[in-house]
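Nothing here was measured: the structure is a model prediction, and the numbers come from that model. Note: hydrogens, waters and symmetry copies are ignored here, and every other heavy atom, side chains too, is used. A, B, ... follow the sequence lines: proteins, then strands. Residue 1 opens every chain.
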Amino acid sequence: MTEALLQVEGLTKRFGGVIASDAITIDVKRGELHAIIGPNGAGKTTLIGQLTGEITPNTGSVRFDGSDITALPTYRRSMLGLARSFQITSLFPDFSVIDNVALAAQAHDGHSFRFWADAREQPELREAAMIALKRVGLADRANLLVAKLSHGEHRQLEIAMALATKPRMLLLDEPMAGMGPDESSRMVAMLKQLKQELTILLIEHDMEAVFALADRITVLVYGKVIASGTPDEIRANAEVIQAYLGERDAEAANG
Amino acid sequence: MSRLFTVRNVVVVALLIFLALVPFFAVLTGNAFLTTLFTRIVILAIAAVSLNLIMGFGGMVSFGHAAYLGIGGYAVGILAYEKVTSAFIQWPVALVACAIFALITGALSLRTRGVYFIMITLAFAQMIYYVGVSLDRYGADDGLTIYTRSQFAGLINLSNRTVFYYFCFACLMGTIYLVWRMVNSRFGMVIQGARSNDRRMRSIGFPTYRYRLVCFVIAGVLCGLSGVLLANQADFISPATMHWTRSGDLIVMAVLGGMGSVIGPVMGAVALLVLEETLPHIIGAVGGFVTGKSMVAAKEYWALILGPMLLLVVLFARGGIDGLLRRFGRD
């Protein structure tokens, strides 16, 4: 049982008459990169919301490292080592790049009821932040205001902040959204590095990236898991081709 | 280190030096009223700085901050009326009362956001206002005269105009220093992060609610200190001290001076109260000069001038006076 770091079981969420998550069951094994794909409106972001604690499921459970976290608030999940990057960039725009990451490091360095010493002068926070920035390749941008960064750099900063919380698992919500081909391939290279050390749940639209990175893939359609397996199994799955890939192939053939 | 000598920093230092020397100017010009006016300004500046801690740095726009002026003031007034004049009892009682009020109202208000937060803080302040109105034993609507200022066991004589001014000035400087240390500390980073992006703060592992609540309580206590001083200065406390328009005045001070810095609201307090005091005279003098007639009646309309000035600041100087001064430095 300890093989799975994250176990989602029978997770169901209804919004009025719409079932956004329909008895979703997923196991993410320790050390794997597990991708979730599905067409728009498949309920991927609702699923992430339930994993991070921003949305409460109607039924079902989420277990992280063996303990039930279904009812835990967001910050407690972060404390356990579950880190998240946002689909729509979510940063502190009036802080500098390094301040953003240092704040993430601060969250995991004891409580913050410290009223006197200058937080920007504390080497333990600044160094931890620099290490995270180096890992995503933003070290030379450390002292810029966040507003001065490009879109691609914002995405990198998102991940640096997640890394600075010393996570055991990353939940990445479309990290390549809105990226050009160059930026995307750099992100893929970076995620390849990260998956050596971390368990990753990746939600992504970029199929090329997903098939290049994932150890296993789960396909979500209308809130339901229709298939789960290795990239090869997913490629060969008739139902998936029908529901998702086929649509694209048909488009490609017609277009 | 040329960055130290920006227009803004020079103005800040000049302002602080001026405030430090007010009693001397009063003696030089033979105008004792100057000290009285600036005592009031310095006291209200403490309240504005405390409001800005939650509003400017924490993004919590409280429309009920004057409640703490009233609670602090009534604690002094009621205890003095009951023959307890020692500051060593009055002041802790006042500050603890403010802390309790802030803790209870904050715990409820901080569950809301935006306009709802503004309205609920206003509602709590109005509640305490009507408590004041209903205090029959302590003057109700008419207020309560304080015959003896707080006694520091003979150590500090608050009845001496100059001593009292410097006491208030020291409180203001202490408050500024305290708030400045706080906003740059780990605690301050959390407060500002929660203003900027509360959702992200929670996702990186901060229970933001409790930090914001503590910040709300600290601001309430600091404003309570201002209320204690204000009651001593006026020798009087009435419900009018915590009327919602007074909360509005404090917001105007912070917005006018600039919410982006600790010192901005001090500039705002000085600017607003000096204008309030001098505009009627200016209108009278200018009007008299232009028309050649006595323009005493026109003095009533000083708010007609002050209003548009505030509008201009809000529209064209987003960072308030402080922001405007910083822009000068950049050219």
Side-chain angles (χ1 to χ4, degrees), chain A residues 48-49 51-54 72-86 88-96 99-122 124-125 132 146 157-158 160-167 171 173, chain B residues 3 50 53-54 56-59 103 110-111 113 174-219 221-222 258-262 318-319 323 326 330:
Chain A
I48 283 258
L51 299 182
T52 58
E54 291 183 334
L72 285 191
T74 306
Y75 75 89
R76 294 276 299 277
R77 300 183 194 213
S78 168
M79 287 298 157
L80 291 174
L82 194 60
R84 180 243 176 114
S85 85
F86 285 80
I88 294 158
T89 306
S90 177
L91 302 161
F92 306 106
D94 31 10
F95 283 3
S96 72
D99 284 346
N100 270 262
V101 188
L103 198 49
Q106 184 187 321
H108 294 259
D109 187 40
H111 68 77
S112 288
F113 288 108
R114 301 186 195 174
F115 300 93
W116 209 247
D118 192 330
R120 290 190 177 88
E121 305 272 309
Q122 295 183 326
E124 65 270 29
L125 298 181
V146 165
L157 180 54
E158 276 279 336
M161 285 175 72
L163 289 175
T165 64
K166 296 185 239 158
L171 302 174
D173 193 357
Chain B
R3 284 183 59 205
S50 79
L53 172 62
I54 49 174
F57 292 97
L103 191 65
L110 286 171
R111 302 204 172 271
R113 291 283 143 133
T175 303
I176 291 171
Y177 185 63
L178 186 78
V179 172
W180 179 69
R181 290 302 297 233
M182 216 152 50
V183 298
N184 288 302
S185 71
R186 287 191 177 205
F187 178 75
M189 299 304 280
V190 176
I191 291 306
Q192 293 173 74
R195 173 200 65 202
S196 176
N197 191 341
D198 193 65
R199 184 177 177 213
R200 183 62 188 228
M201 285 299 279
R202 278 178 279 127
S203 95
I204 59 177
F206 285 110
T208 51
Y209 175 78
R210 61 182 78 154
Y211 289 100
R212 297 169 83 229
L213 181 56
V214 168
C215 187
F216 193 81
V217 171
I218 292 171
V221 170
L222 289 175
M259 298 192 293
S261 69
V262 178
R318 278 290 171 82
R326 279 171 202 267
R330 237 163 261 157

In short, B/S203 meets A/F86 closest at the heavy-atom pair OG-CE1, 3.4 Å
Bottom line for B/V214: the part with an atom under 4.5 Å from chain A's heavy atoms is side chain
Closest non-hydrogen contact found for A/D118 with B/N184 is OD1-O, 3.3 Å
Okay, A/L125 and chain B: the region with an atom under 4.5 Å from a heavy atom over there is side chain
| task | Answer yes or no: is there a donor N or O on one side and an acceptor on the other, between the side chain of B/N197 and the main chain of A/L91, under 3.5 Å? | result | yes
Turns out that what part of B/R195 lies under 4.5 Å from chain A's heavy atoms comes down to side chain
The interface call for A/N100 against chain B, heavy-atom contacts under 4.5 Å, is neither
Closest non-hydrogen atoms of A/S112 and B/F206, given as atom of the first, atom of the second and distance, are OG-CE2, 3.5 Å
Under 4.5 Å to a heavy atom of chain B? For A/T165 that would be side chain
CZ of A/F113 to OH of B/Y211, rounded to nearest 0.5 Å, is 5.0 Å
When every non-hydrogen atom of B/S185 is compared with those of A/A119, the smallest separation belongs to C-CB, 3.7 Å
In terms of heavy-atom pairs under 4.5 Å with chain B, the winner among A/R120, A/E121, A/R77 is A/R120
message: Contact between A/W116 and B/L178 at the side-chain level, heavy atoms closer than 4.5 Å - yes or no?
response: yes
Interatomic distance, OG1@A/T74 vs CZ@B/R199, rounded to 0.5 Å, equals 9.0 Å
CD1 (B/I204) and CD (A/Q106) are apart, to the nearest 0.5 Å, by 8.5 Å
Assert top hit (heavy-atom pairs under 4.5 Å, partner chain A, pool B/R200, B/M201, B/M182) equals B/R200
If one checks every heavy atom of A/Q122 against chain B at 4.5 Å, the contacting part turns out to be side chain
Between A/S78 and B/R202 the two heavy atoms that sit nearest each other are CB-O, 4.5 Å
Exercise for the section: Check step by step if side-chain contact (heavy atoms from CB on, under 4.5 Å) holds for A/H111 and B/R186. Expected result: CA-CA 9 Å; A/H111 68 77; B/R186 287 191 177 205; over 6 Å; no
Under 4.5 Å to a heavy atom of chain B? For A/F95 that would be side chain
Whatever's closer than 4.5 Å to a heavy atom in chain B on A/A104 counts as both
